[in-house]
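Indexing begins at 1, ligand by ligand and atom by atom, following the structure's order. These figures come from a predicted structure and were not determined experimentally.
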Amino acid sequence: MSVKAKIGPSILNADLANLAAESQKLLDNGADYLHLDVMDGNFVPNLTFGHPMVKSLRNKIKTAFFETHMMVQNPEQWISPMADAGVNLYTFHIEPVADVCKVSRLVQEAGMKVGLAIKPGTKVEDLEKYISIADVVLVMTVEPGFGGQSFMADMMPKVEWLRQNYPNLDIEVDGGVGPKTIACCAKSGANMIVSGTAVVGATDQRQVIREMRDVVQSYLK
Ligand SMILES: O=C(CO)[C@H](O)[C@H](O)COP(=O)(O)O
Ligand SMILES: [Fe+2]
């Protein structure tokens, strides 16, 4: 298997007034990438931030890998500004998108990698036809919209199916993931782990990040 274990903290529940410092601390403590949750108050019943904030963060943090998790109704609209803001991986939900192939192509043409996300109620079969164009697939393990929710273990059959059929695919999980739920994700075959509350709120972020990466890596060998 050629995929690697990577931990990408979500800054959703961090102190957003100190976003650069909070982000730098996570990176200094071993985060492999940053997961930035963009919500439009339409696709999900919550509102966070957009490309101006991502660009400001990029001006402070030059080299880290940025993923934007686009919980928005019209992901096509934000491709160009997010590319300009320095995003590396543009992950959008397939549910509201009529032409996933077209949006994916535009993301690639803008110089970003493509992530395709599904909500808990979306079947993995709905994602299957797009896997060849995706760099990463994201299986949500909570209903998108808020941090700090409980992990949905019943999403793991989706991850297992993806790993069995696509051994070299980057499979990401997001929502309620932390030291208590990481083994379940790792056993199922996830290799990119988003973790918000459990990492941001930890007294020892370095230890939590290392522990989770070790568990994931142990199942990839
Ligand atoms: O996309 C998200 C919510 O829609 C967040 O990335 C996710 O919830 C991470 O936070 P936590 O680990 O606290 O659940
Ligand atoms: Fe997210």
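The pair Asp32-Arg213 meets the salt-bridge criterion, since a charged nitrogen lies less than 4.0 angstrom from a carboxylate oxygen. Under a 4.0 Å N-O distance rule, the pair Glu128/Lys123 does not qualify as a salt bridge.
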Which N/O atoms of ligand 1 sit under 3.5 Å from a protein N/O, and at what distances?
from     : atom 1 : to     : atom 2 : distance (Å)
ligand 1 : 1 (O)  : Asp37  : OD1    : 3.0
ligand 1 : 1 (O)  : His69  : ND1    : 3.1
ligand 1 : 1 (O)  : Asp174 : OD2    : 2.9
ligand 1 : 4 (O)  : Gly145 : N      : 2.8
ligand 1 : 6 (O)  : His35  : NE2    : 3.3
ligand 1 : 6 (O)  : Asp37  : OD1    : 3.0
ligand 1 : 6 (O)  : Asp37  : OD2    : 2.9
ligand 1 : 6 (O)  : Asp174 : OD1    : 2.7
ligand 1 : 6 (O)  : Asp174 : OD2    : 3.0
ligand 1 : 8 (O)  : Phe146 : O      : 3.4
ligand 1 : 12 (O) : Gly196 : N      : 2.8
ligand 1 : 13 (O) : Gly148 : N      : 2.9
ligand 1 : 13 (O) : Thr197 : N      : 3.0
ligand 1 : 13 (O) : Thr197 : OG1    : 2.4
ligand 1 : 14 (O) : Gly176 : N      : 2.8

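Pro120 places none of its side-chain heavy atoms less than 4.5 Å from the side chain of Thr141. Inter-residue side-chain proximity for Ser195 and Met212 is flagged as met; some heavy-atom pair is nearer than 4.5 Å.
Protein N/O/S atoms found under 2.8 Å from the Fe ion (ligand 2): His35 NE2, Asp37 OD1, His69 ND1, Asp174 OD2.
Arg105 contributes no side-chain N or O that, together with a main-chain N or O of Glu109, makes up a donor-acceptor pair within less than 3.5 Å. Put simply, the side chain of Thr68 never gets that close to the backbone of Met70: no donor and acceptor are under 3.5 Å apart.
A cation-pi arrangement is present between Lys119 and Phe43 under the rule of less than 6.0 angstrom and at most 45 degrees off the ring axis.
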Open item on the list: What verdict does the side-chain contact (heavy atoms from CB on, under 4.5 Å) test give for Phe151 and Val177, after you've listed the backbone C-alpha separation in whole Å, the side-chain angles of each residue and the deciding distance to 0.1 Å?
Closed with: CA-CA 6 Å; Phe151 176 75; Val177 182; 4.1 Å; yes
TODO: Using the side-chain contact (heavy atoms from CB on, under 4.5 Å) rule, take Met140 and Met152 through it: C-alpha gap first, then chi angles, then the decisive distance, then the call.
DONE: CA-CA 9 Å; Met140 287 303 295; Met152 297 168 73; over 6 Å; no
